[in-house]
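The block underneath contains the structure these notes are about, expressed in structure tokens.
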Amino acid sequence: MTEPGSGNVRVRFAPSPTGYLHIGGARTVLFNWLLARKSGGSFVLRIEDTDRTRHVDDSVQKILADLRWLGLTWDEGPEAGGDVGPYFQSERLPIYNEYLAKLLASGDAYYAMETPEELQAMREKARTEKRVLSYDRPNPLPTIEQGESARKDGRPVVVRFKMPGEDITVHDDILGDVTLASGQIEDFVIQKSDGFPTYHFACVVDDELMKITHVLRGQEHLMNTPKHVAMQRALGFATFHYAHMPVIFNMNGSKMSKRDKEKALKKGEPPPEIDVNDFRVAGYLPEAVVNFIALLGWNPGDEREHFSLDELVKTFTMERVGKTNAKFDREKLLAFNTNWAASLDFDRLFEAFCDYLSVATDIPQGVRDADEAKLRDALKACLGLRIFPDVVKKVGFVFAPDSDTEYDPKAVKKVLAKNDGAGFAMLELVSAKLETLADWSTSSIEQLIKDVCEEKEIKMGNVAQPLRVAVSGSTISPAIGETLVLLGKDSTLARIRKCLTIRDTQ
RNA sequence: GCCCCCAUCGUCUAGUGGCCUAGGACACUGGCUUUUCAUGCCAGCGACAGGAGUUCGAGUCUCCUUGGGGGUGCCA
């Protein structure tokens, strides 16, 4: 495959607007994007909206948002413009018709008038007869006049490409040469009865007109390539570089599909993340997602695993893209996320956290409304986090009204009520001292606790844990000094008082 | 069914005929650190799908078998 220095590399990602960007699609974009950035070429985004029945409103905006979240910018396409637009296939119908007329005129394509029912019957017949091709090319072929008049009469008319009767060998930059014997591909539809081109046709015309030099796509397209090459030859187009990447599966070997979410929901399980947006909403860092999917099918050849987008641009080469299908290991992604959360500079981490708060659906109002400075401190207190929901779990109580504190019975029993209420007694003792503490800072609070420990000859946990349960209701919170500072003196004392009132109910 | 692609630890992978006693990462197990939850640190477990060749020598090359995946749409 062409590498840096060769110049003029143009790649494209061509999603159809049927929903959010799938995580597998994200990897396809990433590799295309890397190829473009690496070679100083251009990355083109083209919207393949030729199927009006599957079109989902808003999905273009969603896909653009997903790409932006990942940091994968496009040079040409929606909102960016470019010299070879329009970049929506639905706006290119006259262009397709022009090339369609050429194919019709040269006899490389012909009108066909079978109904869907007839085609279905042909397929079944071919199956019972164990024939490879189900579509029988009509003999003689309908003339252009017949096709056009049938269309005028309102009958369903499509245009089919006449597959040449010769073997087609495609060079794939990942897989090597792939040869498909003649007679393995039937005459396929290139224009639907609604006048829209099919994917195969639009894609071939657009890639040529948009001067694409490298097509890097999923392996599910491998068998389409000979069709595309046949059309390129008929149209006098050049054939460029093709590369087909391995597919990404679930850990159990099934396809990662939107259906997985519905299935899990039905079983009462949390839905797995499938689309890029799912990972965003679930509180993953885009850095971690990018890093992880980059390593699904590519590796640097040494033992490095931690890569930012910039580092990937420097390191990525097509030679190191593998051929084997990969399973999506969510545990490993979580580990990557943990690493990234630890290595990102704090401003960036906070920015990502705010993004999470703005898109996640189950953020408590108190956290949503929290002021920035306090939120920053709260996040800082949670370093070591694996994923953003951990933060809300750990410090969410700080942002709730004092009166909302709910005490986990288990925590109360274990930490406060046990040993004749030793924890409650400790609370009384410590709250009195805290009340007189002038400097409400992490260091002085911790010093105060240490002093108590020394005085009473007890361990930190004997003091910190009762305090933790008293102010949070549970045994989970940041370090106790940071927790109390986040809360402030008034809330701390109020919550301890409230906690002491439950002693009598024990 | 037919066509095409693929094949190293549970998972992602390194390995391009001798550097392989098969390396790393995640997970797992055990230990350490620790005021909770996390984090962090150390150690251990763990793979060349099977069979024929080629070669002085094969995880690496060839063939077969098996297994997995993709395609076989007026979806992309």
Side-chain angles (χ1 to χ4, degrees), chain A residues 14-16 18 48-51 53-54 112 114-116 119-120 123 126-128 130-134 156-160 172 174-176 178-181 183-186 188-194 196-200 202-203 217-226 244 246-247 249 251 253 255 292 295-306 322-336 338 341-342 382-386 390-391 393-394 411 415 446 449-450 453 459-469 472 474-481 483:
Chain A
S16 66
T18 55
E48 306 217 324
D49 53 351
T50 54
D51 186 351
T53 60
R54 296 212 316 167
E114 293 80 9
T115 63
L119 292 173
Q120 188 53 37
R123 255 175 234 126
R127 208 185 49 215
T128 57
K130 296 191 173 179
R131 277 185 294 120
V132 174
L133 305 187
S134 65
V157 175
V158 300
V159 176
R160 283 181 186 264
D172 184 289
I174 294 172
L175 267 13
V178 178
T179 301
L180 204 65
Q184 284 300 133
I185 304 176
E186 63 190 24
F188 53 95
V189 174
I190 58 177
Q191 187 194 43
K192 308 178 215 180
S193 54
D194 66 3
F196 276 68
T198 59
Y199 156 73
H200 300 297
C203 162
R217 68 219 317 192
Q219 226 170 70
E220 65 271 18
H221 286 293
L222 183 58
M223 291 295 99
N224 293 155
T225 311
H244 292 86
V247 185
F249 296 96
M251 283 302 278
K255 274 198 206 179
F292 181 72
L295 259 13
L296 242 37
W298 172 87
N299 74 80
D302 52 39
E303 284 167 2
R304 284 176 297 165
E305 284 207 313
H306 193 268
K323 306 176 180 180
T324 44
N325 290 165
K327 289 178 183 163
F328 195 91
D329 187 348
R330 292 162 194 283
E331 297 286 352
K332 187 153 182 171
L333 171 61
L334 222 208
F336 270 58
T338 307
C382 293
L383 292 178
L385 68 112
R386 293 174 71 70
D390 294 349
V391 176
K393 261 180 233 154
K394 200 165 173 176
V415 176
E446 281 177 357
I449 293 172
K450 271 181 201 153
C453 289
K459 287 185 185 171
M460 288 284 277
N462 290 304
V463 185
Q465 282 300 80
L467 278 171
R468 179 168 281 119
V469 174
S472 75
S474 79
T475 57
I476 300 171
S477 91
I480 197 63
T483 301

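Within 4.0 Å (heavy atoms only), A:Lys393 reaches no atom of the nucleic acid at all. Base engagement by A:Asn224 is indicated by at least one non-hydrogen atom pair under 4.0 Å involving a base atom.
Pair check for B:rA7 finds B:rU66; Watson-Crick or G-U wobble, both atom distances under 3.5 Å.
Contact between the side-chain N/O atoms of A:Arg123 and the OP1/OP2 oxygens of B:rG73 is found at a separation under 4.0 Å.
Between the side chains of A:Ser477 and A:Arg468, at least one donor N or O lies within less than 3.5 Å of an accepting N or O.
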Where protein sits on nucleotides 60-65 of chain B, one letter per nucleotide: B base, S sugar-phosphate only, - none, heavy atoms under 4.0 Å: ------
Using a 4.0 Å heavy-atom cut-off to protein, can you give one letter per nucleotide of nucleotides 25-47 of chain B, 5' to 3': B if the base is in contact, S if only the sugar-phosphate is, - if neither? BB--------BBBBSS-------
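Here A:Lys323 pairs with A:Ile174, A:Leu175 under the side-chain contact (heavy atoms from CB on, under 4.5 Å) rule; sequence neighbours left out. With sequence neighbours left out, A:His200 forms a ring pair (Phe, Tyr, Trp, His ring centres under 6.0 Å) with A:Phe188, A:His228.
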Please list, for nucleotides 2-8 of chain B, all pairs of protein and nucleotide N/O atoms separated by less than 3.5 Å.
unit_1 : atom_1 : unit_2   : atom_2 : d
B:rC3  : O4'    : A:Gln184 : NE2    : 2.9

List every contact pair, protein side and nucleotides 14-16 of chain B side both N or O, where the distance is under 3.5 Å.
unit_1 : atom_1 : unit_2   : atom_2 : d
B:rA14 : OP1    : A:Asn299 : ND2    : 2.6
B:rA14 : O3'    : A:Arg320 : NH2    : 3.4
B:rG15 : OP1    : A:Arg320 : NH1    : 3.2
B:rG15 : OP1    : A:Arg320 : NH2    : 3.1

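As rounded to the nearest Å, B:rC63 and B:rG1 have P atoms that lie 23 Å from one another.
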